[in-house]
Amino acid sequence: MNTNEYLKIEHVCKTFGKGESRSEVLRDISLEVAKGEYLAIIGHSGCGKSTLLNIVAGLTEASSGYVFLEGREVHQPGPDRAVVFQNHSLLPWLTVYDNVKLAVDKVFGDKKTKAERHDWTLRNLELTHMTHAMKKRPGEISGGMKQRVGIARALAMSPKVLLLDEPFGALDALTRAHLQEEVMKIHAELGNTVLMITHDVDEAVLLSDRIVMMTNGPAAQIGEIHDVRLPRPRNRLELLGDSNYIAARGAVLEFLHRKSHYVEAA
Amino acid sequence: MHAAGVVLPPVIMLGLLGVAWQILCSSPDSTLPPPSKVLADTHELIMNPFYDNGGNDKGLFWHLLASLKRVALGYLLAAGAGVALGVLIGSSKWAMRALDPLFQVLRTIPPLAWLPLSLAAFRDGQPSAIFVIFITAIWPIIINTAVGVRNIPQDYRNVARVLRLNGGEFFTTIMLPAAAPYIFTGLRIGIGLSWLAIVAAEMLIGGVGIGFFIWDAWNSSLISDIILALAYVGVVGFFLDRLVALSGKLIGRGTVSI
């Protein structure tokens, strides 16, 4: 198997509705993600990038086209493609620990002993620095902490691909920067393959190896793909003057503010 | 708030109402007794709630207990069947389309209208009264449970799908806790309606029970006994409501706010 084809999206189209109210959201999206790669998908809101993520997750069915993971077609959701939802989606009646444990028990119920599952739950809460609040309910912790737990829950599934759906979109700038650092550390440590939806240019450049830029909907397509040639580990302050950083940022901004419309018109 | 601030206002209000009642009913040609006469007349009943002279001549405790037993049985059956049916029409579009119109019509039938039919079917007062409680309490439980199940946020369903929870796991870990606030709203309305219906049903079926006691007191022109029984019915109804609310708090694990 070619390592470039770890996750492969092939000619995916998505149309919602029928007849008069038919609307084409995605048109012919093809994309390959290598193992361990951090890929960001950026585009204006409403361009269908979340729909694309949901198709990869299996939560939405593609109208045509295929998604392959390690050479096998996927069309149902599963813990091998864990999702960190934009609004965290923690179960409010379970504690932080139990939210993560639910995923661990379900995914590793027959592979790990009870003690191992407990340790694995704690290990993932440690990764996201949430052990101090593990007995609290989601309603008792801040938005940033909830998203950490959401990340811990997704990581605890040991997914082949981690899907992040605008994970920091609802957070204030400082909390967001903090969580971006954490995600970079975790990615460096575990080498996850990540697909992240974002509308934040700096976030995309800072975190990812490649940035996929989507044209405006309806019928969004992949406009450009930019390789971010920045060595890791990355430091947001040191990058500020880096020419590669400036180039990547410029390329994305240029696309979002100028070209996304032209491609649509073409 | 200060304890006195909670206790004092209702106590003062009760005192004022008692004085007003005393004044209004003190004239010799008043049809209803004043509170002083009620207390004097019912002194025996209040002090001896546990007497049992055989037949229907029992203390108020036994009447209330008989009524509570009927309500408990009818209500628990309604809670079980109501939650099950609510989950069914809440999760299946076709069950909803088939059953909802039927339920909307049936739920408007007054509880007592069912009594003659259930007497005809069961040929005995006891199961008939229990059936009336059942059929009274079940509708709000079904309807609220169904709304609760339909309103489970898509986010929670997505979590369940990513984790590949099976039907049983989804039911216990997501559906029941997510719908708990709605289910307990239905259960609270249901217990209130049950207690409303039991008094009326017992007036008709006779035997031991607080409803029969009130009807029997009316037939014997013991108006003070009726007033005492009404006070008891009100207090018991209040505690039944609190009991369901409390169990909602315990079982709902923080999701039910009452």
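Please read these numbers as outputs of a predicted model, since none were measured by experiment. So you know, we letter chains A, B, ... as the sequences are listed, proteins then strands, and number each from 1.
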ask   = Between the side chain of Trp93(A) and the main-chain N/O of Ala180(B), is any donor-acceptor distance below 3.5 Å?
value = no

Side-chain donor or acceptor of Arg161(B) paired with backbone N/O of Gly78(A) under 3.5 Å = no

Residue-level interface, residues 63-86 of chain B with chain A, non-hydrogen cut-off under 4.5 Å = none

ask   = For Val159(B) and Ser89(A), which heavy atoms make the closest approach, and how far apart are they?
value = CG2-O, 3.4 Å

request  = Could you pull out the closest heavy-atom pair between Arg81(A) and Arg164(B), with the gap in Å?
outcome  = NH2-NH2, 4.1 Å

Counting only heavy atoms not in [X], do more than 12 fall under 6.0 Å of its [atom1]?
X	atom1	result
Gln76(A)	CD	no
Trp62(B)	CH2	no
Phe68(A)	CZ	yes
Glu61(A)	CD	no

query = Taking only heavy atoms into account, what residues of residues 95-113 of chain A are found under 4.5 Å from chain B?
reply = Leu102(A), Ala103(A), Lys106(A), Val107(A)

message = Quick check for you: to the nearest 0.5 Å, what is the distance between Leu163(B) atom CG and Met157(A) atom CE?
response = 4.5 Å

request  = Begin with the C-alpha distance, continue with both residues' side-chain angles, and end with the deciding distance and a verdict on side-chain contact (heavy atoms from CB on, under 4.5 Å) for Phe85(A) and Asn158(B).
outcome  = CA-CA 9 Å; Phe85(A) 297 95; Asn158(B) 283 345; 3.7 Å; yes

message = Can you tell me which portion of Asn87(A) sits under 4.5 Å from chain B's heavy atoms? Options are side chain, backbone, both or neither.
response = side chain

